[in-house]
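Written below as structure tokens is the structure these notes are about.
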Amino acid sequence: MAGYDHQTIERKWQAYWDGHHTFRAPNPGDADFDGTRPKLYVLDMFPYPSGEGLHVGHPVGYIGSDIFARFQRMRGYNVLHPMGFDAFGLPAEQYAVETGIHPRVTTERNVANFQRQLKAFGLSYDWTRTFATIDPDYYRWTQWIFLRLFESWFDPDERRARPIAVLIGDLEEGRRHADGAPWASLDAAARRRFLDGKRLAYLDEVMVNWCPALGTVLANEEVTRDGRSDRGDHPVYRRPLRQWMLRITEYADRLLQDLDLLEWPESVKVMQRNWIGRSDGAVIRFPVAGSDASIEVFTTRPDTVFGATYMVLAPEHPLGDALAREAWPEATNPSWTGGNPDPMRALSAYRAAAARKSEVERQAESKEKTGVFTGTFCVNPVNGEHIPVFVADYVLMGYGTGAIMAVPGQDERDWEFAEQFDLPIVRTVEPLAGFSGKAYLGEGAAINSGFLDGLDVASAKRKIIEWLVANACGEATVSYKLRDWLFSRQRYWGEPIPILHGPDGELRALTDAELPLLLPEIDDYRPAASDDENADPVPALARVDESWRHVEIGGVRYERELNTMPQWAGSCWYYLRFADPANPDALVGTEAERYWMGEHGVDLYVGGVEHAVLHLLYARFWHKVLFDLGHVSTPEPFGRLFNQGYILADAYQDSRGVYVPAEKVEERDGAFWFDGEPVERSHGKMGKSLKNSVSPDDFFAEYGMDTLRLYEMFMGPLDTSKPWTTRDIVGIVRFLQRLWRSLIDPETDLALVSDEPAVPELRRLLHRTIKAVTEDMAALRFNTAVARFFELNNALVGVDRVPREVAEAFVLMLAPMAPHVAEELWERLGHQPSIAYVPWPEYDPELAREETVTMVVQVNGKVRDRIEVSPEIGESEARSLALASERVQVYLSGEPDKVIVRAPTLVNVVVR
RNA sequence: GCGGGUGUAGCCGAAUUGGCAUAGGCGCCGGACUUAGGAUCCGGUGGGCGCAAGCCCGAUGUGGGUUCGAGUCCCACCGCCCGCACCA
């Protein structure tokens, strides 16, 4: 007599699944593995378990992928559906700094809480495969991959990574030379330097955002607009530092091209293409007047070189100092000097000012161009003209060669600068008629360009490149926005980098047998902070015991690398480990990798669009390296990507603009009140910051997780953001209660179904529903699938006893979305649990088809009549039926001008 | 500024190839059963006329176009969301 008791049912079935390992997916080689079934790898982007836990907005994607996984299990797939935790990284460490509790302790606590919450959502993960990135058994292999990067180089001929031993062999046997020098002619140090410069993981001096107060370098995203640290508001300085880098740029073209292999949202592909930023152009060398030096520029418009009227170097360009003259040339325009007595001082003042600004800041104040003259001129190689060289911060050191030829006639930025500094402007492309703007970027014939005159842009490019090559002052080239990946962090809570530093800068990798290199214990997690902007960064691991930091091998004293890996490292390859999580001998066994990753890699990867670039690009890069080295069998890790939308919710702010807890706000007379005060309603992503979260624990108590799953899927398409509306939940509650009442006898609490066949009308509806739901599920259109459930359910309302054939098919269809209640009903219908692997109901196409079709009869496109016809009706019959209709006759005076027949659905009678 | 997406009822949203616009849910209105209902059930829900059967009209951000026929295709514009932003 209890009715539908969601709490009891959900606890019961979650315990059952847990106890029976219902969702354990056997691996090839396991006794219960069935190799005749096709595989399907359904993966969620794994979470970083924060201290706050989950709210009901978090699991939308998890629920969607779970439904798909459950659906495909019932359709006969071996489904791999794992979950784990990304647990290294700043938040845990920051918390440790504040509380003194070891990050491992808080992280493990958070992981346990997340796992409890995820299980409460009824997600069908194979928990026997779970792990966290902080497990030494896992990060051992993260370090192992790093060593493969360190011990590999990119062979430009084969366009792939190969072991560095191959390169050494080639060098020793003379098949290759080291930058032109025979290998035998180099001493040991030179050979080492050459090889270290070829590795995919290498050390290099790069510009970083250094925050002495926090004692670490910061990612660009961690630096505010005005060049301060996001956390703590401390000053951030740009300075060069020697850091570990990963040579992702070698893979730029393959990362770009292979996007075409992927079934990903177009927006994500576009973001990756933009991030990689390939542009085809040319380098051109401009000789410095009165010197042997030359300035190399990159341009996408070599055809406009006749219009280059000045040059610009980025402030950090190494040639700047060498070029600055001791005195201003005669008659130098006063606006070019920045008010300085000589170019040297002008340059150093300008560079100092630029260095103080962050990259973000430099780009933010783009209203007015700034710069100074170096006092030096270059010679335009095509026409011999002397053109002045400036240093200006609108040119970035990080792109191209860090220097440009300025062509104001065809470049808006250059035009602006030219106006500002009174420089000549020469058009070299004839603007199309009617053009009235400044710089002209369009198509047109070359003018003022000597031997290029009259050519269109593309032809002019081809011709000038030929000329540049012939005259040895340039060639075609490709430039990318993508930079190599800065891989060092000075933080504690990350994977130690398994490298030893020997005397004279020798780098020595740990052997595979020495892995994992455990993260040593430490008393004080705080990064070494300083008020001195010139203080050198001190990694947290520098405070570890001397006995760890120094290693002696063969009488040589080595020092351990003290930087750790960035948070991205662990998430770069976790999908591979899930295929074979306990393998002690390899990151993933060959057979397991071939089976689960076969063909398209992960078959469905669900996660937020916020990882569109970094995580997905880094993971693709590592995967390609592993592919090149033969450790994985597919060129891409994630064949299909799906971005779920966010759950939005109303948020409320008081008169000070402070967010107040949304669940305590009351609505009266169209206004909103909190604690007696009026508050303003707004709208945003559900979360802690807007104080509009809904707790899953509360939701479970009141409605249950089946209701949550159905509700979140019914709200709208999975890939759009949708507002949470508490009021709407009752629709789902009614649905489940109605279904329960239809199938369960309130007297006995047992299922009460009829073994009589369903009446034809109901049977037809059932088969139409199965057809529609099957298609919706396969296409992740869960919102319309739920609508179909409602329709079928509504049809059962008047039925005295629901026929078993309908009841069972309905429960089976419901199982992926509302698994707990489906298991319960399935059991009460007299079956052994579990429903999870019971075959998905089939539909009879005959029955799924409509028995009669409503044929619409239009006159001039307006509906005038509807006639019930057989779906098999022929064209001529449909035509005569339509013309015979009285309602059509009214509009006809004689013969219609035209009759369009689309049997059996539509006839359109045209009368002029 | 550039790129991607999006705009349908009071609200969330449906709509194979261009072919009955608005499925389903919420809300709202009316009714039934009830001591009661915020439970449950039934009916209605773009506008106008009509007691009713029914009839007429309008509508997919705006304005054009193609077509027998446009939410869907094309052009221009407007709003909103997201990404990138001096990338030479």
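Lettering follows sequence order; numbering is per chain, from 1.
With respect to A:F735, the ring pair (Phe, Tyr, Trp, His ring centres under 6.0 Å) criterion is satisfied by exactly one of A:Y4, A:F790, A:Y703, A:F714: A:F790.
Taking atom P in both B:G30 and B:C81, the straight-line distance is 39 Å, to the nearest Å. Nucleotides B:U6 and B:U72 place their C1' atoms 15 Å apart, quoted to the nearest Å. Look at the P atom in both B:G44 and B:C12: the space between them is 24 Å, to the nearest Å. B:C82 and B:G63 have their P atoms separated by 28 Å, given to the nearest Å. Atom name P, nucleotides B:G79 and B:U62: the rounded distance is 15 Å, in whole Å. Comparing B:U66 with B:A85, their C1' atoms are spaced 38 Å from each other, to the whole Å. Nucleotides B:G47 and B:G31 have their C1' atoms positioned 25 Å apart, rounded to a whole Å. Distance noted for atom C1' between B:C41 and B:G37: 14 Å (whole Å).
For residues 776-791 of chain A, proximity to RNA chain B is found at A:N783, A:T784, A:A787, A:F790, A:E791, defined as any non-hydrogen atom under 4.0 angstrom from a strand atom.
We find that CG of A:D728 is positioned 13 Å from C1' of B:G10, with the value rounded to whole Å. For the pair A:M397 CE and B:A88 P, the interatomic distance rounds to 16 Å; values are reported in whole Å.
Taking 4.0 angstrom as the limit, A:S279 places a side-chain polar atom (N or O) nearer than this to OP1 or OP2 of B:A88.
The existence of a salt bridge linking A:E775 and A:K771 is confirmed by a sub-4.0 Å separation between a basic side-chain nitrogen and an acidic carboxylate oxygen. Comment: A:E791 engages A:R788 in a salt bridge, judged by a side-chain N to carboxylate O separation of less than 4.0 angstrom.
Within 4.0 Å of A:P717, counting heavy atoms only, lie sugar-phosphate atoms of the nucleic acid but no base atom.
Between A:F417 and A:F390, the distance from one ring center to the other falls under 6.0 angstrom.
With sequence neighbours excluded, no residue forms a side chain to side chain donor-acceptor pair (under 3.5 Å) with A:N643. Residues satisfying the side-chain contact (heavy atoms from CB on, under 4.5 Å) test with A:R734, not counting sequence neighbours, are A:V730, A:R738. Applying the side-chain contact (heavy atoms from CB on, under 4.5 Å) criterion to A:L752, with sequence neighbours excluded, gives A:D745, A:R801. For A:D728, the side-chain contact (heavy atoms from CB on, under 4.5 Å) partners at least two apart in sequence or on another chain are A:Y711, A:T725. By the side chain to side chain donor-acceptor pair (under 3.5 Å) test, A:R351 is found to be paired with A:D321, residues two or more places apart in sequence or in another chain being considered. For A:S689, the side chain to side chain donor-acceptor pair (under 3.5 Å) criterion is met by no residue, not counting sequence neighbours. Judged as a side-chain contact (heavy atoms from CB on, under 4.5 Å), and not counting sequence neighbours, the contacts of A:E475 are A:V283, A:R285, A:V469. For A:E263, the side chain to side chain donor-acceptor pair (under 3.5 Å) test picks out A:R640, with sequence neighbours left out.
Ranked by how close their nearest RNA chain B nucleotide is to the 5' end, A:T299 and A:R864 are led by A:R864.
Distance from the side chain of A:M271 is smallest for B:G83 among the nucleotides B:G83, B:C12, B:C86. When distances are taken from the side chain of A:R727 to each of B:G10, B:C86, B:A88, the shortest belongs to B:G10.
Shown here for A:A882 and A:V907, the closest heavy-atom pair between the two residues is CB-CG1, 3.6 Å. Scanning all heavy atoms of the two residues, the minimum distance from A:S279 to A:Y399 falls at OG-OH, 2.6 Å.
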N/O-N/O pairs, protein side and nucleotides 40-42 of chain B side, under 3.5 Å:
unit_1, atom_1, unit_2, atom_2, d
B:U40, O3', A:R741, NH2, 2.8
B:C41, OP1, A:R738, NE, 2.6
B:C41, OP1, A:R741, NH2, 3.1
B:C41, OP2, A:R738, NH2, 3.4

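Residues A:Y652 and A:N692 have side chains that never bring a donor and an acceptor to within less than 3.5 angstrom of each other.
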Q) Once each nucleotide of nucleotides 65-80 of chain B is scored for protein heavy atoms under 4.0 Å, what B/S/- sequence comes out, 5' to 3'? A) ---BS-----------
Q: Return one dot-bracket line describing RNA chain B 5' to 3' (Watson-Crick or G-U wobble pairs, both distances under 3.5 Å; ( ) same strand, [ ] crossing, | another strand, . none).
A: (((((((..(((......[....)))((((((.......))))))((((....))))...(((((..]....))))))))))))....
